[in-house]
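Data block below; observations after.
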Amino acid sequence: FPTRRYSDLVTVEEQPWVELGKDVDICYGELVKLSADGNGDFLWNTGEKTQSIMVSPTETTKYSVTVTNGECGNSASDEIYVNVKEPIVASAGANVTIQRGERVVLEASGGGSYFWSTGEKTSQIVVGPDETTTYYVEVSNGSCSEMTSVDVKVIETVLIINDGPDLNSTLLNSSHVPFSYPLFFF
């Protein structure tokens with residue numbers, strides 16, 4: 001008997017796989033890159049078809065990706081949660097106006113630790129700038145932080161002095177430069 005041989009080309013497709021890793025914690029407003037390890041074509045539940053996506057959810061959100069490969073249509077999926085921490089509501093108080101030479105207490109709130117642009121690390125600081133100044137403070141709750149600021153406007157001290165019976169008054173500013181003007185009575 002003659003032997004017949006048949007040969008067919010058999011292609012064995014690799015089973016698809018995908019891995020997203022551990023869940024991620026982010027601060028409110030933070031942007032995070034999610035990357036999938038795997039083989040095949042990627043499709044995220046956001047509609048994106050790339051291996052990595054950038055997300056910035058405002059609340060805890062589940063993201064998933066499905067990988068398919070080959071003509072058999074085999075697929076694999078994985079999911080990851082992006083946990084969003086509560087936002088910090090940082091405040092440095094309202095803007096203030098002081099006269100030159102005065103001092104004012106600035107108070108920050110909204111976190112557990114504070115770092116002022118002056119280098120101080122307390123919630124309250126005392127300042128007495130010679131000119132209008134913006135003070136910045138980083139408010140932190142340990143893992144997240146937010147920057148805010150407060151303006152301290154400095155104005156000149158103005159004194160009006162009655163200089164006697166001629167009914168003229170002299171206006172002095174804090175630089176001690178005299179200005180005169182007559183007083184009129186009706």
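Quick note: residue numbers are just sequence positions, from 1.
Side-chain contact between Ile98 and Pro129 is present, with heavy atoms from C-beta onward closer than 4.5 Å. When side chains are defined from C-beta on, Leu106 counts as touching Trp116, because their heavy atoms get closer than 4.5 Å. Leu34 is listed as a side-chain neighbour of Ile80, based on a closest heavy-atom distance under 4.5 Å. Proximity of Asn74 to Gln15: side-chain heavy atoms (C-beta onward) are separated by under 4.5 Å at one or more points. A 4.5 Å side-chain heavy-atom check between Lys121 and Phe115 finds at least one atom pair inside the cut-off.
Considering all non-hydrogen atoms of both residues, Pro16 and Asn69 come closest at CD-OD1, 3.6 Å. Minimum heavy-atom separation, Pro57 to Val82: CG-CG1, 3.8 Å. Here the closest heavy-atom approach between residue Val65 and residue Ala36 is recorded as CG1-CB, 4.1 Å.
Counting only N and O atoms by type, the side chains of Glu48 and Thr46 include a donor and acceptor under 3.5 Å apart.
Checked by atom type and distance alone, the side chain of Thr132 pairs as donor or acceptor with a backbone atom of Val154 at under 3.5 Å. Side-chain atoms of Arg100 never come within 3.5 Å of backbone atoms of Glu156 as a donor-acceptor pair (strictly under, hydrogens ignored).
Residue pairs satisfying the salt bridge (charged side-chain N to carboxylate O under 4.0 Å, His left out) criterion with at least one member in residues 76-86, sequence neighbours excluded, are listed as follows: Lys62-Glu79.
Rounded to the nearest 0.5 Å, atoms CG (Asn39) and CH2 (Trp17) are 6.5 Å apart. In this structure, Asp37 CG and Ser52 OG are separated by 8.5 Å, a value rounded to the nearest 0.5 Å. Distance CG/Asn45 to OG1/Thr66: 8.5 Å, rounded to 0.5 Å. Rounding to the nearest 0.5 Å gives a distance of 11.5 Å between CG of Asp41 and OG of Ser75.
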Can I get a per-line list of side-chain donor-acceptor pairs under 3.5 Å for residues 133-140, giving both atom names and the distance, sequence neighbours left out?
{"residue": "Thr133", "atom": "OG1", "partner": "Glu131", "partner atom": "O", "Å": "2.8"}
{"residue": "Thr134", "atom": "OG1", "partner": "Asp151", "partner atom": "OD1", "Å": "2.5"}
{"residue": "Glu138", "atom": "OE2", "partner": "Ser145", "partner atom": "OG", "Å": "3.0"}
{"residue": "Ser140", "atom": "OG", "partner": "Gly142", "partner atom": "N", "Å": "3.1"}
{"residue": "Ser140", "atom": "OG", "partner": "Cys144", "partner atom": "O", "Å": "3.3"}

For residues 21-32, which side-chain N or O atoms pair as donor and acceptor with protein atoms under 3.5 Å away, sequence neighbours left out?
{"residue": "Asp23", "atom": "OD1", "partner": "Tyr81", "partner atom": "N", "Å": "3.0"}
{"residue": "Asp25", "atom": "OD1", "partner": "Asn83", "partner atom": "ND2", "Å": "3.0"}
{"residue": "Glu30", "atom": "OE1", "partner": "Cys27", "partner atom": "N", "Å": "2.8"}

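Taken together through direct or relayed side-chain contacts under 4.5 Å among Ile, Leu, Val, Met, Phe, Trp and Tyr, Val104 and Val150 form part of one hydrophobic cluster. Tyr114 and Val96 end up in the same hydrophobic cluster when Ile, Leu, Val, Met, Phe, Trp and Tyr side chains are linked at under 4.5 Å.
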